[in-house]
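Letters A, B, ... mirror the listed sequences (proteins, then strands); counts begin at 1. When reading the values below, keep in mind they use all heavy atoms of this one structure, side chains included, and skip hydrogens, waters and symmetry mates.
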Number of protein chains: 2
Amino acid sequence: MVRPKTRDEIVQVADRLFYEQGFDSTAFADIAGAVGISRGNFYHHFKTKDDILAAVIAFRLARTAAMLDGWERNAEAPRERIRQFIEILIANEAKIMQFGCPVGTLCSELAKLDHPFQPQAREIFDLFRHWLTRQFVAAGCGEAADRLALHILMRSQGVASLALAYRDEAFVRREVEAAIDWLDQTLAAAV
Amino acid sequence: MVRPKTRDEIVQVADRLFYEQGFDSTAFADIAGAVGISRGNFYHHFKTKDDILAAVIAFRLARTAAMLDGWERNAEAPRERIRQFIEILIANEAKIMQFGCPVGTLCSELAKLDHPFQPQAREIFDLFRHWLTRQFVAAGCGEAADRLALHILMRSQGVASLALAYRDEAFVRREVEAAIDWLDQTLAAAV
DNA sequence: GTCTATATCATGATAGAC
DNA sequence: GTCTATCATGATATAGAC
């Protein structure tokens with residue numbers, strides 16, 4: 001019988017390596033080696049590098065959507081839900097200080113490569129953006145919801161960028177607190 | 001007008017291409033071709049790719065320092081000086097929406113390449129950070145000055161990151177205004 | 001599905017003529 | 001200082017055997 005796991009294994013390893021090493025500098029040999037298959041077998045599953053990138057982006061989209069669903073189940077109040085988003089900076093702190101934000105760095109790399117999949121990568125941002133927007137709407141922020149969502153996204157991107165440059169844990173914690181303070185003030189003003 | 005020496009031309013072209021295409025995907029042939037010299041001549045000036053990267057970082061450090069000096073000459077009040085920093089997001093808007101922040105994207109790429117020059121790239125951030133810190137000290141923010149400087153840096157990084165992903169000019173303008181509002185409130189509280 | 005072998009190409013880097 | 005010619009390597013990608 002076949003090993004239906006091989007393709008999924010490739011995608012998961014590629015997801016990790018694209019994050020840690022970047023898309024362009026990750027070679028097929030890196031992925032095949034980490035999975036434990038030959039390059040030839042790799043090409044049986046993915047014909048081109050863009051094919052594996054498309055699969056990785058789809059994988060991230062699905063994983064992100066599942067995470068957002070989980071946050072909705074974990075908390076009812078918009079404030080708590082948004083706080084969970086802000087605190088991924090702490091939950092993923094070690095990896096962010098080493099490799100940055102997976103979404104932001106992918107968008108940045110694809111932009112410099114002038115890669116046709118930039119819109120697909122941006123969709124991951126959109127998942128967060130629209131989910132955050134819905135939370136702000138539920139919190140009564142009405143038509144300001146989208147710009148508040150973008151503001152939160154902006155802060156998380158900025159913190160991730162400097163966390164990568166300075167690897168300063170205290171900075172991350174402080175800015176997470178500041179973002180939550182901003183959130184509370186914003187929600188208080190909306191009610 | 002004096003024609004710059006070949007070496008300086010190489011550095012300026014490499015500076016631009018490293019920004020627009022990324023360090024790793026910029027080949028010597030790209031730089032040599034843009035300058036109009038042969039690859040052999042290129043190697044006469046720079047033996048390895050790290051040599052040219054070191055020269056580009058040194059070039060950026062010098063240019064940044066000169067820009068900060070200019071801002072100090074242009075304005076006396078810390079508030080105006082810091083505002084000039086915030087508004088580079090607008091001054092360089094087109095390039096930022098296409099290629100991101102030159103400093104943040106370089107740090108991000110070098111981190112993924114596990115490149116030994118990460119500390120040198122971070123020095124460019126340090127120039128801004130310490131310059132901003134001095135402005136906040138001059139504005140009477142005392143021991144909070146460094147964390148306020150990092151907060152401004154964080155916002156500029158976050159805006160640049162989302163500007164690249166969404167290419168939304170209105171978002172950039174709005175967040176620049178929000179950053180200046182934050183600045184004014186912070187300075188008012190300090191006095 | 002998996003493998004080995006190989007084609008093809010771009011890259012960083014060197015040697016040596018002028 | 002500048003050039004042409006060349007090398008060594010590693011990358012994507014293909015062909016075909018088992």
Between Ser25(B) and Lys112(A), do the side chains contain an N or O donor and an N or O acceptor separated by less than 3.5 Å? no
Verify whether one side chain among Arg147(B) and His151(B) offers a donor that lies under 3.5 Å from an acceptor in the other. no
Under-4.0 Å side-chain N/O to phosphate OP1/OP2 contact, [X] with [N]:
{"X": "Thr6(A)", "N": "dG1(C)", "value": "no"}
{"X": "Asn41(A)", "N": "dG1(C)", "value": "no"}
{"X": "His44(B)", "N": "dT14(C)", "value": "no"}

More than 12 heavy atoms of other residues, nucleotides or ligands under 6.0 Å from CZ of Arg39(A): yes or no? no
In whole angstroms, how far is the [atom2] atom of [N] from the [atom1] atom of [X]?
{"X": "Phe46(B)", "N": "dT2(D)", "atom1": "CZ", "atom2": "C1'", "result": "16 Å"}
{"X": "Arg7(B)", "N": "dT2(D)", "atom1": "CZ", "atom2": "C1'", "result": "17 Å"}
{"X": "Ile10(B)", "N": "dG1(D)", "atom1": "CD1", "atom2": "C1'", "result": "11 Å"}
{"X": "Gln21(A)", "N": "dA11(D)", "atom1": "CD", "atom2": "C1'", "result": "14 Å"}
{"X": "Phe42(B)", "N": "dT6(D)", "atom1": "CZ", "atom2": "P", "result": "23 Å"}

Check side chain to side chain donor-acceptor pair (under 3.5 Å) between Asp15(A) and all other residues, then give those that pass, not counting sequence neighbours.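 Applying side chain to side chain donor-acceptor pair (under 3.5 Å) to Asp15(A) gives Arg60(A), Arg63(A).
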Spell out, as yes or no, whether a donor-acceptor pair under 3.5 Å connects the side chain of Tyr166(A) to the backbone of Leu150(B).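 Flag not set: sc Tyr166(A) to bb Leu150(B) has no pair under 3.5 Å.
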Any protein N or O atoms within reach of nucleotides 10-12 of chain C? Criterion: under 3.5 Å, listing atom names and distances.
residue, atom, partner, partner atom, Å
dG12(C), OP1, Lys49(B), NZ, 3.2
dG12(C), OP2, Phe28(B), N, 2.9

Residues in salt bridge (Lys or Arg N to Asp or Glu O under 4.0 Å) contact with Asp114(A), at least two apart in sequence or another chain: none
